[in-house]
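As structure tokens, the structure follows; a few thoughts come after it.
Computed from heavy atoms alone, side chains included, the values below leave out hydrogens, waters and symmetry copies. As the structure is a prediction and not an experimental result, all values here were calculated from the model.
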Amino acid sequence: MEERFQDMKLREDGFLEIELKSADDFDDYIYQKMQKDNGCLPCVRDHHNTKKLYYDTKGYVSLCTYMHSHIFEAQESCEFLIYVLESMLSVNTSKPVMMNIEYMYMHHEGGLLRFLVLPLCVDKWAFQKAESVAFLGQLMEAMRLQEGYEAFGYLAYMQKYEEMTLPMVLQGLHDLHEHGKKKPTLFQRLLHLEKEEAPYVPKDIPFPKAYPQLQIREPSEEYRTQTAIYGETMVLCADEQSFFVQGEQRYQVKSECYRIGRTKDNELCIDSVYISSHHACFYKNTMELEDLSSSNGTFVNGVRIHKQVLQDGDQVTFAQDSFQFIKR
């Protein structure tokens, strides 16, 4: 897919700028799907030059950088490869991911993975054999092992397998990992003391490079005026009740400044490594949700926001945890 690029460079403000050879290659349907998928690196299209795309890499390190800096212990290499492939395939199933570990990104807080997705008219992106073989080779070259070379050998074998696909590689890694796990004792099985396996969390992630803050598009004066008017109207309706709903759980907004985050001093506490200590704040009077410079972002209806007035029925996502906003 790189043959569709005219130019590709990392700007001084932390945005990866890609210029397409032709604006006709752009696929708006895939672009809209990207905005709703937290596994995609945030992307903005230049309205003045429709061949240019800007990807926000601030707060992230490349998968290549992490793998070169980390030494994998026994079993960890297999768990890590499963983690990467599962994350990538969940995105690549419906959108074309650039299969290059230099352009796959990991957040330094918890290792949330984001992928460079290209909104291009590309056929059968999920079944590109040559790209898949090259991708496995990149993983093998970058991985530093302390012990446990089984996963490494398996990747080398699958590179030469004629009918290899990445889902097939993932299944084989799962089988390899299951075979290598310590079996529970008879006593543990009888008393059902087997421990549930915790999800893989990367360790020792390098701190990302600091970039100056830049807002690509300033909100228009019309938008600010509409927001102010809407906020004033909401003050008159302050007796209305608001909720954040997740499945069967309803969290009522009772305070004027309703804080959302990982620590227990928040009104809505979300126990997840992907959630920042103080992730976001909802202001009851104005119905505005503000992201508090969180690491993994706050999204409304799939679009990352800094501050936005919420409407009844909006889908709100804090990093990977989604809620529906209800106003009564």
- Item | Spatial distance of atom CD1 (I82) from atom OG (S87) [nearest 0.5 Å] | 11.5 Å

- For residues V84 and F115, report the shortest heavy-atom separation together with the two atoms involved. O-CZ, 4.1 Å

- Item | Same apolar cluster: V303 and L41, side chain cutoff 4.5 Å | no

- Message: Using only atom types and a distance under 3.5 Å, with no angle test, would you say the side chain of N266 pairs donor to acceptor with the backbone of L268?
- Response: no

- Residues that Y154 engages under side-chain hydrogen bond (donor to acceptor under 3.5 Å, both in side chains), provided they are two or more places apart: none

- Does R114 make a cation-pi contact with Y60 (under 6.0 Å, within 45 degrees of the axis)? no

- Is the F323 ring parallel, tilted or perpendicular to the Y251 ring (thresholds 30°, 60°)? perpendicular

- Query: At their closest point, which heavy atom of G14 faces which heavy atom of T57, and how far apart are they?
  - Reply: O-OG1, 2.5 Å

- Quick one: do Y55 and L120 end up in the same hydrophobic cluster if we chain Ile, Leu, Val, Met, Phe, Trp and Tyr together by side-chain heavy atoms under 4.5 Å apart? yes

- Message: Please enumerate all residues that pass salt bridge (Lys or Arg N to Asp or Glu O under 4.0 Å) together with K52, with sequence neighbours excluded.
- Response: E17

- Message: Closer than 3.5 angstrom, by distance alone: can the side chain of K33 be matched with the main-chain N or O of P119 as a donor-acceptor pair?
- Response: no

- Message: Within this structure, what is the CD-CD distance for the pair Q308 and E288, rounded to the nearest 0.5 Å?
- Response: 9.5 Å

- Message: Test of understanding: with side-chain hydrogen bond (donor to acceptor under 3.5 Å, both in side chains), list the residues that count as partners of S277, not counting sequence neighbours.
- Response: R262

- Heavy-atom closest pair, residues Q138 and M99: OE1-O, 3.9 Å

- Heavy atoms only: give me the nearest K129-Y161 pair and the separation to one decimal. NZ-O, 3.5 Å

- Query: Can you get from V300 to F244 by hopping between Ile, Leu, Val, Met, Phe, Trp and Tyr side chains that sit under 4.5 Å apart?
  - Reply: yes

- List in chain and number order the residues that pass side-chain hydrogen bond (donor to acceptor under 3.5 Å, both in side chains) with D314, two or more places apart in sequence or in another chain; answer none if no residue qualifies. N301

- Other ILVMFWY residues reachable from F243 by side-chain steps of under 4.5 Å: V245, I326

- Sub-6.0 Å ring centroid separation between F72 and H70: yes

- Query: With distance as the sole test, does D37 use its side chain to make a donor-acceptor pair with the main-chain N or O of M34 at under 3.5 Å?
  - Reply: no

- Ignoring hydrogens and angles, tell me if any N or O in the side chain of Y105 forms a donor-acceptor pair with the backbone of G59 under 3.5 Å. no

- Query: Is it true that the side chains of D25 and S22 contain a donor and an acceptor less than 3.5 Å apart?
  - Reply: no

- Verify the cluster assignment for I71 and Y83: are they in a single hydrophobic cluster under the rule of side-chain heavy atoms below 4.5 Å apart? no

- Item | Non-hydrogen atoms of I205 and M106 that approach each other most closely | CD1-SD, 3.8 Å

- Query: Is the backbone of Y54 close enough, under 3.5 Å, to the side chain of D46 for a donor and an acceptor to pair up by distance?
  - Reply: no

- Might you work through the side chain to side chain contact (heavy atoms under 4.5 Å, CB included) test for M164 and L136, ending with a clear yes or no? CA-CA 11 Å; M164 183 273 287; L136 295 184; 3.9 Å; yes

- S242 side-chain N/O to K327 backbone N/O, donor-acceptor pair under 3.5 Å: no

- So does E141 have more than 12 non-hydrogen atoms from other groups sitting under 6.0 Å from CD? no

- Query: Is atom CG of D265 surrounded by more than 12 heavy atoms (other residues, nucleotides or ligands) closer than 6.0 Å?
  - Reply: yes

- Any sub-3.5 Å donor-acceptor pair from H177's side-chain atoms to H174's backbone N or O? no

- Query: Is it true that L292 and I305 fall in one hydrophobic cluster, defined by side-chain heavy atoms closer than 4.5 Å?
  - Reply: no

- Side-chain donor/acceptor of H107 to backbone N/O of S295, under 3.5 Å: yes

- Message: I'd like to know if the side chain of T317 reaches the main chain of Q320, judged simply by a donor and an acceptor atom lying under 3.5 Å from each other, with no hydrogens or angles considered.
- Response: no

- Query: Counting N and O atoms only, with roles assigned by atom type, does the side chain of R259 sit under 3.5 Å from a partner on the main chain of C281, one being a donor and the other an acceptor?
  - Reply: no

- When rounded to the nearest 0.5 Å, the distance separating OG1 of T286 from NZ of K307 is 7.0 Å

- Task: Measure the CG-NZ distance between L118 and K95 for me, rounded to the nearest 0.5 Å.
- Result: 12.5 Å

- Message: Please enumerate all residues that pass side-chain hydrogen bond (donor to acceptor under 3.5 Å, both in side chains) together with Y66, with sequence neighbours excluded.
- Response: none

- From D291 CG over to F318 CZ, what is the distance, rounded to the nearest 0.5 angstrom? 9.0 Å

- Centroid separation F282 to F325 less than 6.0 Å: yes

- Note on the structure: One should read off an interatomic distance between L289 CG and T298 OG1, to the nearest 0.5 angstrom, of 6.0 Å

